Amino acid sequence: MSLPVVVLGGGAAGMMAALSAREAGAAVTLLEPNEKLGRKLYITGKGRCNLTNNTTPQGVLEHVPRNGRFLYSAVTRFPPGAVMAYFEELGVPLKTERGGRVFPCSDRAADVIDALFFALKRRGVTLLHRRAERLVLERGRVIGVTAGGETLPAGAVVVATGGLSYPATGSTGDGYWLAEQAGHTIVPPRPSLVPLEEAGDTCAQMQGLSLRNVTLTLKNQKKKAVFQEQGELLFTHFGLSGPLVLSASAHANWAKETYTAVIDLKPALEEAKLEARILRDIAQAPNKAFHNFLEGLLPRKMVPVMAQRVEIPPDLPVNALTRGQRRHLVEAMKAFSVPIAGTRPIKEAIITAGGVKTGEVDPGTMMSKKVAGLFFAGEVLDVDGYTGGFNLQIAWCTGRAAGQGAARYIEEDGT
């Protein structure tokens, strides 16, 4: 009887790898140190589980800023449409929302996890609640895993242990040192899809204020825009967060450049139309104090910050505003700038950028080019996407490729 595929990690990529290897005819053992599988899935999409994006394979690759070409084979063979069909066959009805984001109709991440868990049980995957300690290597191939002080023989091993984001869910970086043990290069892990810290205290003065339908532009020190999108953001005690900010963070090279976040508070109005509106409002209430006037244009929490930014006395009657002051106000509303000091710590990131160097992994099978029978899937690889379901799509398609590749390897190897 053939030795099993041993899958390390019971997250999205690991569960998909285990199911795919089992469906391909291999015996499978899944190792997960947490009591429950898929703990990180519980918090994705604010607990709703944005499990993919309803787009084409090319659409996925356009939302992968690093090493997208590495994913071409995996995402072409298991594209979003196939992922959606797979989950609906497991009994999870799906819906597509704004931006192609796909969620379970129930809006419950638990339904996705339960579907995967019961599929694993039905298909006879052995589940062990243990942490992998070492790979057992012999003559350039993997022959087992040490876990809980015991050596588990393996015909193939899939490392799907995640990255370093959200360590409370079990993402502790184990896969990196296991890969290093096998001779792999690890691209230094760094946070991606992460809130940004301000160089100053402007945001702290507006803590808790959420802005919708604003345009965020992230500019480098050469004033070149590296990201621009309309949506929602949040001011916090440390800086900026919210969907727009998380997306912007993935576009930046924090090791080499500094950035400024520029917020257009009125993207629907060109500067000339915004100034015309301000003049119209002044004509309707010429004696109104400037700070009261601003409450008609901005959220209340932003009023004192804006008054300070444009250096206009809060009690000044608006009919006393000079043309230059009005112009300064328009410019500040169309380009409210926040200098960025850097990102929040990696433990607060949604995903980890960096990981196992993709050039050392076969993109068709996810097998190591250094150690036979060793496969990688998911966030442990140096590949990550933007928000909108793309990172789970990466997990599903690399997990599928790794599971199928591992089963095929055992079959061909005869172990």
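The basis for the numbers below is simple: all heavy atoms, side chains too, and nothing from hydrogens, waters or symmetry mates. Quick caveat: nothing in here was measured; it's all calculated off a predicted structure.
Comment: D384 engages R66 in a salt bridge, judged by a side-chain N to carboxylate O separation of less than 4.0 angstrom. Checked for salt-bridge contact, E270 and K334 miss the test: no charged N lies under 4.0 Å from a carboxylate O. Under the 4.0 Å criterion applied to side-chain N and carboxylate O atoms, E150 and R130 are assigned as salt-bridge partners. Salt bridge status for R48 with E97: present, with a side-chain N to carboxylate O gap under 4.0 Å. R408 has no carboxylate O lying under 4.0 Å from a charged side-chain N of E412, or vice versa, which leaves the two without a salt bridge. The residues E360 and K369 are annotated as not salt-bridged, no charged nitrogen and carboxylate oxygen being separated by less than 4.0 angstrom. Classification of R400 and E23 as a salt-bridged pair holds, one side-chain N sitting under 4.0 Å from a carboxylate O.
Looking at residues two or more places apart in sequence or on another chain, you find no ring-ring contact (aromatic ring centres under 6.0 Å, His included) involving F235. The ring-ring contact (aromatic ring centres under 6.0 Å, His included) search around F375 returns none, not counting sequence neighbours.
Under a cut-off of 6.0 angstrom, the local environment of CZ in F238 is crowded, with over 12 non-hydrogen atoms contributed by other residues, nucleotides or ligands. The local environment of CZ in R134 is sparse, with at most 12 non-hydrogen atoms from other residues, nucleotides or ligands closer than 6.0 Å. In E311, the CD atom is not crowded: 12 or fewer heavy atoms of neighbouring residues, nucleotides or ligands sit closer than 6.0 Å. Atom CZ of R69 has 12 or fewer neighbouring heavy atoms from other residues, nucleotides or ligands inside a 6.0 Å radius. No more than 12 heavy-atom neighbours from other residues, nucleotides or ligands sit within 6.0 angstrom of CD on Q308. At most 12 heavy atoms of other shown residues, nucleotides or ligands fall within 6.0 angstrom of atom NZ in K357. Residue-environment remark: NZ (K301) exceeds the threshold of 12 foreign heavy atoms within 6.0 Å.
A donor-acceptor pair under 3.5 Å is absent between the side-chain atoms of N67 and the main chain of F70, judged by distance alone. Of the possible donor and acceptor atoms, one in the side chain of T56 sits under 3.5 Å from a partner among the backbone N and O of G59. In this structure a side-chain-to-backbone donor-acceptor pair under 3.5 Å is present from H129 to N34. Judged purely by atom type and a 3.5 angstrom limit, K266 has no side-chain atom pairing as donor or acceptor with the backbone of V214. Formation of a donor-acceptor pair under 3.5 Å by the R131 side chain with backbone atoms of L31 is not found in this model. Counting only distance, with no hydrogens or angles, the side chain of S210 and the backbone of L234 share no donor-acceptor pair below 3.5 Å. Counting only distance, with no hydrogens or angles, the side chain of T29 and the backbone of V6 share no donor-acceptor pair below 3.5 Å. Remark: side-chain polar atoms of R22 are not paired, donor with acceptor, to backbone N or O of V28 under 3.5 angstrom. No donor-acceptor pair under 3.5 Å is formed between the side chain of E331 and the backbone N or O of A335. Between the side chain of Q181 and the backbone N or O of L135, at least one donor-acceptor pair lies under 3.5 Å.
With rounding to the nearest 0.5 Å, the separation of SG in C203 from CD1 in I340 is 7.0 Å. With rounding to the nearest 0.5 angstrom, the OG1 atom of T258 is 11.0 Å from the CG atom of N253. Once rounded to the nearest 0.5 Å, the distance linking CG of D111 with CZ of F87 reads 11.5 Å. In this structure, E348 CD and L193 CG are separated by 14.0 Å, a value rounded to the nearest 0.5 Å. Put simply, CG on L41 and CG on N50 are 11.0 Å apart, with the number rounded to the nearest 0.5 Å. Here the straight-line distance linking atom SG of C105 with atom NZ of K95 works out to 6.5 Å at 0.5 Å rounding.
Between I186 and V356, some side-chain heavy-atom pair lies under the 4.5 Å cut-off. In this structure, the side chains of Y72 and P363 stay at 4.5 Å or more apart for every pair of heavy atoms. The shortest side-chain heavy-atom distance between L244 and E232 does not fall under the 4.5 Å cut-off. Put simply, the side chain of L94 reaches to within 4.5 Å of the side chain of V92, judged on heavy atoms. Between F78 and V83, the closest side-chain pair of non-hydrogen atoms falls below 4.5 Å. Looking only at side-chain heavy atoms (C-beta outward), V60 and T55 come within less than 4.5 Å of each other. The shortest side-chain heavy-atom distance between E32 and M15 does not fall under the 4.5 Å cut-off. Using a 4.5 Å heavy-atom cutoff, the side chains of L71 and T76 are not in contact.
Neither side chain, D264 nor T215, offers a donor N or O lying under 3.5 Å from an acceptor on the other. Looking only at atom types and distance, the side chain of E379 has a donor-acceptor partner in the side chain of T352 under 3.5 Å away. Judged by distance alone, the side chains of S247 and T387 do bring a donor and an acceptor atom under 3.5 Å apart. A side-chain donor from one of Q393 and T52 sits under 3.5 Å from a side-chain acceptor of the other. Counted by atom type alone, T358 and D382 present zero donor-acceptor pairs between their side chains at under 3.5 Å.
Applying the ring-ring contact (aromatic ring centres under 6.0 Å, His included) test to residues at least two apart or on different chains, the pairs with a partner in residues 246-276 are F227-H251, H251-Y386, W254-Y259.
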- Given T151 and V145, is the side-chain contact (heavy atoms from CB on, under 4.5 Å) satisfied, shown in steps? CA-CA 6 Å; T151 296; V145 177; over 6 Å; no
- Item | Step-by-step side-chain contact (heavy atoms from CB on, under 4.5 Å) determination, V262 to L216 | CA-CA 6 Å; V262 181; L216 174 66; over 6 Å; no
- Message: Set out, in order, the CA-CA distance, both residues' side-chain angles and the distance that settles side-chain hydrogen bond (donor to acceptor under 3.5 Å, both in side chains) for E197 and T343, then state yes or no.
- Response: CA-CA 6 Å; E197 291 189 351; T343 69; over 6 Å; no
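Considering all non-hydrogen atoms of both residues, A26 and A407 come closest at CB-CB, 3.9 Å. A pairwise comparison of heavy atoms in L218 and A248 identifies CD2-O, 3.6 Å as the closest pair. In terms of heavy-atom proximity, L392 sits nearest to C49 at CD1-SG, 4.1 Å. When every heavy atom of S73 is checked against every heavy atom of G364, the shortest pair comes out as OG-CA, 3.7 Å. A pairwise comparison of heavy atoms in L128 and L152 identifies CD1-CD1, 4.0 Å as the closest pair. Heavy atoms only, all atoms of each residue included: L297 and M333 are closest at CB-CE, 4.0 Å.
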